[in-house]
Protein chains: 2
Amino acid sequence: MREPRAAAPTAGAPTATRGRRADAERNRAAIITAATAVFAEHGAEVDVREIARRSGVGMGTLYRHFPSKEDLLRLSLEQEFTAWLTEAHERAAATQDPWQALSGFFEQVLTTQAHNRALMDSYVQTGGPTEACVQKCRAFIDALRERCERAGLLRRGVSTEDLLSLSASLCQVVQTPGGQHRWRRLMTISLDGLSSRHREPLPS
Amino acid sequence: MREPRAAAPTAGAPTATRGRRADAERNRAAIITAATAVFAEHGAEVDVREIARRSGVGMGTLYRHFPSKEDLLRLSLEQEFTAWLTEAHERAAATQDPWQALSGFFEQVLTTQAHNRALMDSYVQTGGPTEACVQKCRAFIDALRERCERAGLLRRGVSTEDLLSLSASLCQVVQTPGGQHRWRRLMTISLDGLSSRHREPLPS
DNA sequence: GTTCAAGCGGAGCAGTTGCTCCGCTTGTCC
DNA sequence: GGACAAGCGGAGCAACTGCTCCGCTTGAAC
């Protein structure tokens with residue numbers, strides 16, 4: 001608020017921001033690292049003090065670098081989400097079979113769900129931590145959908161939004177007791193319901 | 001804590017508990033009514049003061065009748081859940097086609113999800129507000145499953161637990177923006193994946 | 001009408017959490 | 001080494017929430 005913040009570091013690029021003191025730079029990095037780990041473990045609702053503790057700085061330092069918990073969360077999730085989506089792209093590109101690419105994506109969503117609370121909460125609620133991330137994610141899923149559709153593997157009328165919602169809904173399963181062992185079964189069921197062997201039209 | 005509470009009223013039975021003053025009886029009923037409405041609207045995390053306000057009593061009165069928010073929530077949800085499951089039983093009994101009975105149950109789950117936050121949260125997390133409720137719910141779903149299986153309509157290897165998890169996972173969709181219009185599509189997809197036309201075995 | 005225990009209400013306590021304030025420390029420039 | 005702005009830490013504020021305490025009120029038994 002008081003500090004105009006020299007040239008926003010363009011989301012996660014570890015460029016040595018000119019004019020910032022070396023220890024400040026170190027602290028800033030430590031905070032992001034700690035926050036990412038803590039959010040992943042405990043979810044977005046975790047106490048800010050836990051992040052300060054884990055990164056070895058005081059509350060004042062934390063809030064000097066990030067004007068609000070919200071901002072810290074967003075930055076941390078943006079980085080994570082970008083890396084995650086990059087991996088998804090790479091996997092999809094390396095997979096010949098369109099249907100396998102689609103089910104591989106579902107599997108990645110659900111595997112991540114088991115390991116990163118805050119990240120997947122944002123995926124479940126809106127499709128990603130920021131509007132820009134959501135856009136990219138939608139575009140990626142849309143490409144998967146089109147590949148499957150062109151190959152005649154996907155049920156008629158299934159939309160990108162359907163695929164996003166369906167993968168998000170399955171995340172619910174992972175968190176329930178015993179869900180760790182059951183999500184693969186439900187994923188199979190859902191994917192089978194998406195296959196072109198079903199010719200009945202979908203409602204509305 | 002101080003008051004030994006004369007003979008627990010056996011979960012929601014509106015019997016005039018002997019020895020309680022008339023105004024106390026009235027207040028107790030008002031609290032349960034208000035709590036049920038408030039929990040349905042705002043979910044289980046709602047401020048207790050809101051329930052006191054809505055029922056027109058003070059905090060002291062509320063806590064005289066219910067030793068903790070947890071207790072009030074449990075009692076309120078037990079009543080709601082029992083009524084809900086009763087309706088489910090009636091519907092299933094009135095439906096000839098086993099598959100329609102199953103999909104009717106899914107539909108009831110998802111319709112309720114849109115109108116009762118706390119009730120469905122408990123369904124999603126554990127299958128019901130108390131162990132006894134969960135047992136009854138499981139038994140009911142198991143009966144639906146068996147009817148479908150016996151009629152040769154259900155995919156091999158689908159368990160009661162799968163059906164409960166799947167219906168709970170779809171609840172996730174209803175809460176997302178636009179989910180009100182999409183859950184029916186995803187429900188159709190999931191149910192189709194459950195049909196016996198799929199002969200591939202399910203994982204693990 | 002009198003009596004009094006049962007019942008009532010809401011101020012306030014204790015714990016939690018996001019965020020701020022300010023006196024002290026330290027990296028950096030000369 | 002000295003000067004000093006940038007940076008630091010953590011006590012503490014404010015808002016929220018579950019729950020308690022206790023002086024006042026009232027239903028009901030006589």
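Below, all heavy atoms of this structure are taken into account, side chains as well, without hydrogens, waters or symmetry copies. By convention in this document, chain letters (A, B, ...) are assigned in the order of the sequence lines, proteins followed by strands, and residues within each chain are numbered from 1.
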[X] side chain, from C-beta outward: closest of [options]:
X       : options               : result
A:Val48 : D:dG18, C:dG18, C:dG9 : C:dG18
B:Met59 : D:dC19, D:dG7, D:dG18 : D:dC19
A:Val57 : D:dA11, D:dT17, D:dG9 : D:dG9

For [X] and [N], what is the distance between atoms [atom1] and [atom2] respectively, to the nearest whole Å?
X       : N      : atom1 : atom2 : result
A:Ile31 : C:dC19 : CD1   : C1'   : 14 Å
B:Arg53 : C:dG9  : CZ    : P     : 14 Å
B:Phe66 : D:dT20 : CZ    : P     : 15 Å
B:Glu25 : C:dA6  : CD    : C1'   : 13 Å
A:Arg28 : D:dA6  : CZ    : P     : 17 Å
B:Leu62 : D:dT17 : CG    : P     : 15 Å
B:Ile51 : D:dG18 : CD1   : C1'   : 11 Å
A:Arg64 : D:dA6  : CZ    : C1'   : 7 Å

request  = With DNA chain D as reference, determine whether A:Gly56 or A:Arg49 sits nearer its 5' end, using the nearest nucleotide of each.
outcome  =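 Per heavy-atom nearest nucleotide, the more 5' residue is A:Gly56.
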request  = Name the residue closer to the 5' end of DNA chain D, choosing between B:Lys69 and A:Ala24 according to the nucleotide with the nearest heavy atom.
outcome  =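 So the residue in question is A:Ala24.
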Phosphate contact ([N] OP1 or OP2) by [X] side-chain N/O below 4.0 Å:
X       : N      : result
B:Tyr63 : D:dC19 : yes
A:His65 : D:dC8  : yes
B:Asn27 : C:dG7  : no
A:Thr61 : D:dG7  : no

Do [X] and [Y] sit within salt-bridge range, that is, some charged N less than 4.0 Å from a carboxylate O?
X        : Y        : answer
B:Arg91  : B:Glu87  : yes
A:Arg54  : A:Glu41  : yes
A:Arg21  : A:Glu25  : no
B:Glu149 : B:Arg145 : yes
B:Arg155 : A:Asp192 : yes

Nucleotides 25-30 of chain C: protein proximity per nucleotide (B base, S sugar-phosphate only, - neither; heavy atom, under 4.0 Å) = -BSS--
message = Identify the stems formed by DNA chain C, where each pair is Watson-Crick or G-U wobble with both distances under 3.5 angstrom and a stem is at least 3 consecutive pairs.
response =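 The stems that DNA chain C takes part in, listed by first number, are C:1-30 with D:1-30.
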request  = List the steps, then state whether side chain to side chain donor-acceptor pair (under 3.5 Å) holds for A:Ser68 with A:Asp71.
outcome  = CA-CA 5 Å; A:Ser68 75; A:Asp71 284 279; 2.6 Å; yes
query = In terms of ring plane angle, is the pair A:His198 and B:His198 parallel, tilted or perpendicular, where the classes change at 30° and 60°?
reply =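 Geometry flag for B:His198 against A:His198: tilted rings.
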query = Hey, is the main chain of A:Val46 close enough, under 3.5 Å, to the side chain of A:Lys69 for a donor-acceptor pair?
reply =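 Indeed, once roles are kept as given, a pair shorter than 3.5 Å links the two residues.
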key: A:Gly157 backbone acceptor or donor facing B:Arg185 side chain under 3.5 Å   =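 Present.
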inquiry  = If you assign A:Val46 and A:Gly60 each to the DNA chain C nucleotide with the nearest heavy atom, which residue ends up on the more 5' nucleotide?
reply    =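 Closer to the 5' end of DNA chain C: A:Val46.
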inquiry  = Apply salt bridge (charged side-chain N to carboxylate O under 4.0 Å, His left out) to residues B:Glu78 and B:Arg74 and explain how you reach the verdict.
reply    = CA-CA 6 Å; B:Glu78 256 174 41; B:Arg74 192 180 335 110; 5.3 Å; no
